[in-house]
Q: 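Take this structure first; my questions come after.
Here, residue 1 is the first one in the sequence, and each next residue gets the next number. Side chains included, hydrogens not; waters and symmetry mates left out as well; all remaining heavy atoms used. Keep in mind that what you see is a predicted model, and the values were worked out from it rather than measured.
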Amino acid sequence: KKALPVVALRRLLYEDPHSDRLRRTQAIAALMFQFCGMSFADLSHLEKSALDSNVLRYNRVKTKTPMSVEVLDSAQEMLEQLRNRRSPRPGCPDYLFGILQDERAYREYQSALRRFNYCLKSLAKRLRLNFPVTSYTLRHSWATTAKYRGVPIEMISESLGHKSIKTTQIYLKGFELKER
């Protein structure tokens, strides 16, 4: 499966890459992980109005499923660091992180996703991780980490915004022999 081992995940999210560009990528990746494996599509489409005190309320881009995620204290600093401070453009959504500028431009999202995945690959290379890393690696890693910590599959599935537990099972890495 695509989940990273815990040691590699910890390095990816917290070891200093000594580059401002890669630190930004790392902060986005850490937020995706801390927001219950939120997809890059959902994170990039979050609007400022989705944040109410310490809770994010939004609809998943892919399924339109209503979601809510608590913003833990550990995520607050990263959220503030990445927050979009520009004034909204007329007729365009007021995005929380400024990853996207114009919701109508699907190509803009595709380009942002390619850039983010390229930066994640660069981050992994800089940190000498010998694992392929993409935005989906973070979702799979969150799901597998939750499973290893004993979170019921139903809760993992709901947190990922899946309509079926079968979809969630695809994400989950099996237990190693020592865990069994």
Q: Following the transitive rule for hydrophobic clusters with a side-chain heavy-atom cut-off under 4.5 Å over Ile, Leu, Val, Met, Phe, Trp and Tyr, establish whether L172 and I165 coincide in one cluster.
A: yes
Q: Which pairs pass salt bridge (charged side-chain N to carboxylate O under 4.0 Å, His left out) with one or both residues in residues 32-46, sequence neighbours excluded?
A: D42-R60
Q: Just verifying a value: how many Å separate M38 CE and S135 OG, rounded to the nearest 0.5 Å?
A: 13.0 Å
Q: For S157, give me all partners under side-chain hydrogen bond (donor to acceptor under 3.5 Å, both in side chains), at least two apart in sequence or on another chain.
A: T168
Q: Restricting to pairs with a member in residues 5-17, which pass salt bridge (charged side-chain N to carboxylate O under 4.0 Å, His left out), not counting sequence neighbours?
A: R11-E15, D16-R23
Q: According to side-chain hydrogen bond (donor to acceptor under 3.5 Å, both in side chains), who are the partners of R24, at least two apart in sequence or on a separate chain?
A: none
Q: State whether the side chain of K48 and the backbone N or O of N84 hold a donor-acceptor pair below 3.5 Å, judged by distance alone.
A: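 Looks like yes, one N/O pair under 3.5 Å.
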Q: If I take atom CG from residue D52 and atom CZ from residue R57, how far apart are they, to the nearest 0.5 angstrom?
A: 5.5 Å
Q: Does one hydrophobic cluster hold both V151 and F33, with members joined at side-chain heavy-atom distances below 4.5 Å?
A: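 Yes; tracing contacts between hydrophobic side chains, which count when under 4.5 Å, links both residues.
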Q: Using the side chain to side chain contact (heavy atoms under 4.5 Å, CB included) rule, take R114 and Q110 through it: C-alpha gap first, then chi angles, then the decisive distance, then the call.
A: CA-CA 6 Å; R114 275 191 301 278; Q110 289 294 318; 3.8 Å; yes
Q: How long is the straight-line distance from OG1 of T25 back to CG of D20, given to the nearest 0.5 Å?
A: 11.0 Å
Q: Taking only residues two or more places apart in sequence or in another chain, which ones pass ring pair (Phe, Tyr, Trp, His ring centres under 6.0 Å) with F35?
A: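 If we apply the ring pair (Phe, Tyr, Trp, His ring centres under 6.0 Å) test to F35, skipping adjacent residues, there are no hits.
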Q: Considering only distance and modelled atom types, tabulate donor-acceptor pairs under 3.5 Å from the side chains of residues 120-128, sequence neighbours left out.
A:
from : atom 1 : to   : atom 2 : distance (Å)
S122 : OG     : Y118 : O      : 3.1
R126 : NH1    : P17  : O      : 2.6

Q: side-chain hydrogen bond (donor to acceptor under 3.5 Å, both in side chains) with T134: which residues, sequence neighbours excluded?
A: T137
Q: Can you name the residues that form a side-chain contact (heavy atoms from CB on, under 4.5 Å) with K64, not counting sequence neighbours?
A: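 With sequence neighbours excluded, K64 shows a side-chain contact (heavy atoms from CB on, under 4.5 Å) to no residue whatsoever.
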Q: Any link between L4 and V7 through a network of hydrophobic side chains (Ile, Leu, Val, Met, Phe, Trp, Tyr) touching at under 4.5 Å?
A: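 Unlinked, L4 and V7 end up in two clusters.
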Q: With sequence neighbours left out, write down each residue that passes ring pair (Phe, Tyr, Trp, His ring centres under 6.0 Å) with Y58, or none if nothing qualifies.
A: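 Partners of Y58 under the ring pair (Phe, Tyr, Trp, His ring centres under 6.0 Å) test: none.
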Q: What distance do Y95 atom OH and S44 atom OG have between them, rounded to the nearest 0.5 Å?
A: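 With rounding to 0.5 Å, OH (Y95) is 7.5 Å from OG (S44).
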Q: Could you state the interatomic distance from CD (E47) to CG (L56), rounded to the nearest 0.5 Å?
A: 12.0 Å
Q: If you look at every heavy atom in S159 and W142, which pair is closest and at what distance?
A: CB-CH2, 3.4 Å
Q: Using a 4.5 Å cut-off on heavy atoms from C-beta on, say whether the side chain of L51 contacts that of L46.
A: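 Answer no - side chains too far apart.
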Q: Name every donor-acceptor pair, under 3.5 Å, that has one atom in a side chain of residues 66-81 and the other anywhere in the protein, sequence neighbours excluded.
A:
from : atom 1 : to  : atom 2 : distance (Å)
S74  : OG     : Q34 : OE1    : 2.8
E80  : OE1    : R83 : NE     : 3.4
E80  : OE2    : R83 : NE     : 3.3
E80  : OE2    : R83 : NH2    : 3.1

Q: A side-chain contact here means heavy atoms from C-beta on lying under 4.5 Å apart; do T145 and R149 qualify?
A: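 They are in side-chain contact.
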Q: So do the side chains of I99 and F40 get within less than 4.5 Å of each other, counting heavy atoms only?
A: yes
Q: I need the minimum non-hydrogen distance between A112 and L100, along with the two atoms involved.
A: CB-CD2, 4.0 Å
Q: Is there a path of hydrophobic side-chain contacts, each under 4.5 Å between heavy atoms of I/L/V/M/F/W/Y residues, joining F131 to L9?
A: yes
Q: Check whether any side-chain N or O of R89 sits under 3.5 Å from a backbone N or O of Q101 as a donor-acceptor pair, and report yes or no.
A: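 A pair under 3.5 Å: no.
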Q: Working to the nearest 0.5 Å, report the span between CG of L160 and CD1 of I156.
A: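 With rounding to 0.5 Å, CG (L160) is 7.5 Å from CD1 (I156).
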Q: Following the transitive rule for hydrophobic clusters with a side-chain heavy-atom cut-off under 4.5 Å over Ile, Leu, Val, Met, Phe, Trp and Tyr, establish whether Y109 and V61 coincide in one cluster.
A: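 Per the 4.5 Å side-chain linkage, Y109 and V61 are not co-clustered.
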Q: Looking only at non-hydrogen atoms, find the nearest pair between T144 and A3 and report the distance.
A: OG1-CB, 3.4 Å
Q: Check side-chain hydrogen bond (donor to acceptor under 3.5 Å, both in side chains) between S19 and all other residues, then give those that pass, not counting sequence neighbours.
A: none
Q: Restricting to salt bridge (charged side-chain N to carboxylate O under 4.0 Å, His left out), what partner residues turn up for K62, sequence neighbours left out?
A: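 For K62 there are no salt bridge (charged side-chain N to carboxylate O under 4.0 Å, His left out) partners, ignoring immediate neighbours.
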Q: Would you confirm whether S111, through its side chain, and R107, through its main-chain N or O, come within 3.5 Å as a donor-acceptor pair?
A: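 Checked: no pair found.
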